[in-house]
Number of protein chains: 2
Amino acid sequence: MTTIKDVAKRVGVSPSVVSRALNNRYGVKESTREKIVRAAKEMGYYPNAAARSLVTRITATIGVMMADLSEPYYTQIIRGMEFSASKTGYTLLFSNSYESLEKSKVLEKMVYAERVDGVIIVGSNVEEQEYILKLVEKKVPFVLLERDIPDPRINCVYLDNFYGGYLATKYLLDKGHTRIAHISGKIGFQVALDRLEGYKKALHEAGLLFDKELVMTGNFVWQDGYAAMKKLLRSQPPCTAVFTANDTMAFGALQAIAESGLSIPKDIAVIGFDDLEFSSLTNPPLTTVHQPRYEMGKEAVRIVTSLLQQGASEKGVKLCYRPEIIIRRSA
Amino acid sequence: MTTIKDVAKRVGVSPSVVSRALNNRYGVKESTREKIVRAAKEMGYYPNAAARSLVTRITATIGVMMADLSEPYYTQIIRGMEFSASKTGYTLLFSNSYESLEKSKVLEKMVYAERVDGVIIVGSNVEEQEYILKLVEKKVPFVLLERDIPDPRINCVYLDNFYGGYLATKYLLDKGHTRIAHISGKIGFQVALDRLEGYKKALHEAGLLFDKELVMTGNFVWQDGYAAMKKLLRSQPPCTAVFTANDTMAFGALQAIAESGLSIPKDIAVIGFDDLEFSSLTNPPLTTVHQPRYEMGKEAVRIVTSLLQQGASEKGVKLCYRPEIIIRRSA
DNA sequence: CACTTGTTTGCAAACGTTTGTAATAATTTT
DNA sequence: AAAATTATTACAAACGTTTGCAAACAAGTG
């Protein structure tokens with residue numbers, strides 16, 4: 001591996017000049033800069049990342065922790081993050097917790113080992129609270145994505161899930177439905193709770209009673225949506241519409257309904273939440289609550305990088321997105 | 001941030017002893033080791049990654065380049081990789097090329113900057129050949145996943161796609177089909193070519209003529225499968241079966257057929273390739289060629305780490321998996 | 001020409017580890 | 001009890017950068 005000294009020797013100049021030249025610092029003669037740049041290129045010189053970050057204390061890396069990178073839900077978030085990151089030259093280091101508390105500490109270690117400059121935690125659950133607060137105390141630049149912790153020091157980028165749940169339910173109500181079921185997400189996740197509350201609010205506003213029998217709980221996966229729908233199909237009097245806490249469960253519900261021979265949306269209307277890429281491809285295409293995931297990922301990275309570059313600001317950023325409904329054919 | 005010196009001072013010992021104690025080197029008295037470990041924990045000491053890798057020349061990180069991490073296709077690969085990596089304590093650094101040659105050079109820089117110890121390239125296309133060979137010359141430990149370049153120095157983990165294509169087609173032939181269409185992947189990707197050739201071989205073996213009209217080309221995406229199938233439905237005489245080069249295109253085909261009112265598999269049988277998670281959830285569940293992606297990801301990392309630990313071996317590893325058919329209901 | 005000013009370059013320290021070797025302490029052997 | 005051996009610890013160099021400051025050089029000024 002060629003080092004800065006090799007380049008320096010070749011050009012006949014000291015390492016410090018090479019460093020300055022390559023980093024575009026001012027105060028080096030244009031002609032020597034050119035010579036240096038050329039030599040560096042010829043020799044295939046790349047500054048050693050470890051050496052550099054040892055002295056600058058900068059890694060230009062942002063650690064991202066999420067439950068499972070390969071959930072289709074994260075797709076757009078990741079793309080948005082990468083867009084921002086590549087614009088500012090940052091590298092993203094992904095880490096999957098797989099919902100294990102132990103694994104979510106990986107990120108903590110990364111911070112202490114100075115492998116990352118900043119951190120994004122996406123969709124954390126309640127158990128991780130303590131460890132998140134530790135980050136705040138250590139003044140680590142970070143943002144919480146997909147969640148709002150009402151602590152003014154914590155930067156949050158999230159969706160108004162309450163409003164989303166309200167919107168979805170309201171849409172069904174406006175279509176004349178009065179028996180509307182809800183397949184909720186796992187309790188313990190704030191998003192699930194918020195969407196449920198939005199659902200209740202809309203019901204209440206319409207003067208309808210909240211019926212526990214019409215609420216099923218799942219863990220955001222296809223199978224749970226399928227099973228929950230199977231049960232709901234047996235409810236008496238039958239429900240005529242169902243709002244699922246996410247699209248993946250809606251897919252399962254769609255399938256269960258199709259198997260029962262009922263028609264969507266004539267017999268039962270379905271509305272999902274998230275607007276996954278696949279949601280426009282189901283049969284029928286899924287009406288759903290759109291979440292600007294790309295945008296949110298993009299902003300999360302933008303905020304962290306700006307914290308990194310301008311120094312942490314005292315008061316946290318709270319970026320709340322308002323969801324909207326994408327009307328397709330299932331409701 | 002607490003450094004090794006802080007810990008040393010606290011315990012009343014030199015930094016070198018602390019280093020040895022914490023790294024479980026032999027030659028430090030048990031009682032002092034205990035004191036050191038305790039102090040380190042209390043003080044929240046974490047070794048600085050940059051400083052360490054500067055002297056050891058080890059980052060314990062493997063760079064992974066793929067087209068787009070968020071394709072559902074990669075899901076199982078990633079999980080397999082993470083499994084191996086976490087077992088040996090390695091970190092995975094993902095990088096998306098988004099099929100741009102420029103972005104695929106990111107990894108090259110990572111290697112030169114010594115940010116990664118080894119590299120995995122998954123599903124590269126032909127254009128990247130030159131840059132791959134450069135890695136070989138620089139003796140960078142790496143494996144090529146999802147592809148075989150017939151260079152004995154290159155470690156490859158891949159599927160026998162030719163056999164897979166053969167198997168899928170043979171299955172349809174055995175069911176009595178004689179007009180079998182193929183929705184192929186993008187030319188320029190070896191996998192697409194191989195699967196096509198397997199298809200031809202099976203046809204030939206059965207004494208059937210290869211009919212160009214029955215082969216469509218897509219870019220592995222839903223829309224292309226859908227469009228291709230729409231066209232195929234108009235072919236005369238009609239085809240009674242279709243083999244798609246991947247599952248995502250099969251999903252599109254399924255939809256196109258459903259819309260035409262034909263029944264699957266009675267009127268048209270469909271067989272896919274990959275066995276995505278979602279493939280068992282389509283309507284009807286998709287018969288497909290299974291690819292052990294988890295296993296392959298796992299092995300790829302295992303090979304790189306073992307190269308890293310035992311020093312690069314001269315002759316490359318060639319790990320070829322044989323696909324098998326998962327029979328569901330679409331064919 | 002001497003003097004100031006400004007530009008360009010070099011020196012050396014620092015970043016936090018690891019590690020070979022020397023020094024010291026503890027233990028065993030004679 | 002001295003010598004030899006072994007176990008434990010300390011020292012110092014090294015890894016490849018960056019950067020404050022001093023040195024050298026060039027150019028302009030009186």
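Only a predicted model underlies this, so the values are computations on that prediction, with no experimental measurement involved. Residue numbers begin at 1 in each chain, while the letters A, B, ... track the order of the sequences.
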Just to be sure I understand the rule, does [X] reach a base, reach only the sugar-phosphate, or reach nothing, if contact means heavy atoms closer than 4.0 Å?
X	answer
Ser19(B)	base
Ser53(A)	nothing
Ser16(A)	base
Arg57(A)	sugar-phosphate
Tyr45(B)	sugar-phosphate

Next on the checklist: Is it the case that the side chain of Asp148(B) and the backbone of Cys156(B) share a donor-acceptor pair, with hydrogens and angles ignored and the cut-off at 3.5 Å?
Outcome noted: no
Checklist entry - Distance-only, no hydrogens or angles: does the Asn96(A) side chain make a donor-acceptor pair with backbone N or O of Tyr98(A) under 3.5 Å? => result no
Item to check | Of Gly12(B) and Val55(B), the one whose closest DNA chain D nucleotide lies more 5' | outcome: Gly12(B)
Checklist entry - Per the atom types in the model, does the base of dG20(C) pair as donor or acceptor with the side chain of Arg20(B) at under 3.5 Å? => result yes
Decide whether [X] and [Y] meet the rule of one side-chain donor and one side-chain acceptor closer than 3.5 Å.
X	Y	result
Arg302(A)	Thr88(A)	no
Gln291(B)	Gln76(B)	no
Glu146(B)	Tyr73(B)	yes
Arg147(A)	Asn161(A)	no

Length of the line joining [X]:[atom1] and [N]:[atom2], which is rounded to integer Å:
X	N	atom1	atom2	value
Glu30(A)	dG6(C)	CD	P	21 Å
Leu22(A)	dT17(D)	CG	C1'	12 Å
Arg33(A)	dT9(C)	CZ	P	10 Å
Leu54(A)	dG16(D)	CG	P	12 Å
Tyr26(B)	dG20(C)	OH	P	12 Å
Lys35(B)	dT9(D)	NZ	P	8 Å
Arg52(B)	dG16(D)	CZ	P	18 Å

Item to check | Phosphate-side-chain proximity, Thr3(B) and dG16(C), N/O vs OP1/OP2 below 4.0 Å | outcome: no
Checklist entry - For dC15(C), does either OP1 or OP2 sit under 4.0 Å from a side-chain N or O belonging to Asn48(B)? => result no
Item to check | Closest to side chain of Val28(A), choosing from dT18(D), dT9(C), dT17(D) | outcome: dT9(C)
Checklist outcome for this item: For Pro141(A) and Leu308(A), the nearest pair of non-hydrogen atoms, with its separation, is CG-CD1, 3.3 Å
Checklist entry - If each of Ala51(A) and Val17(B) is mapped to the nucleotide of DNA chain C with the nearest heavy atom, which maps nearer the 5' terminus, i.e. the 5' end? => result Ala51(A)
Item to check | Strand contacts (DNA chain C) in residues 106-115 of chain B, 4.0 angstrom heavy-atom criterion | outcome: none
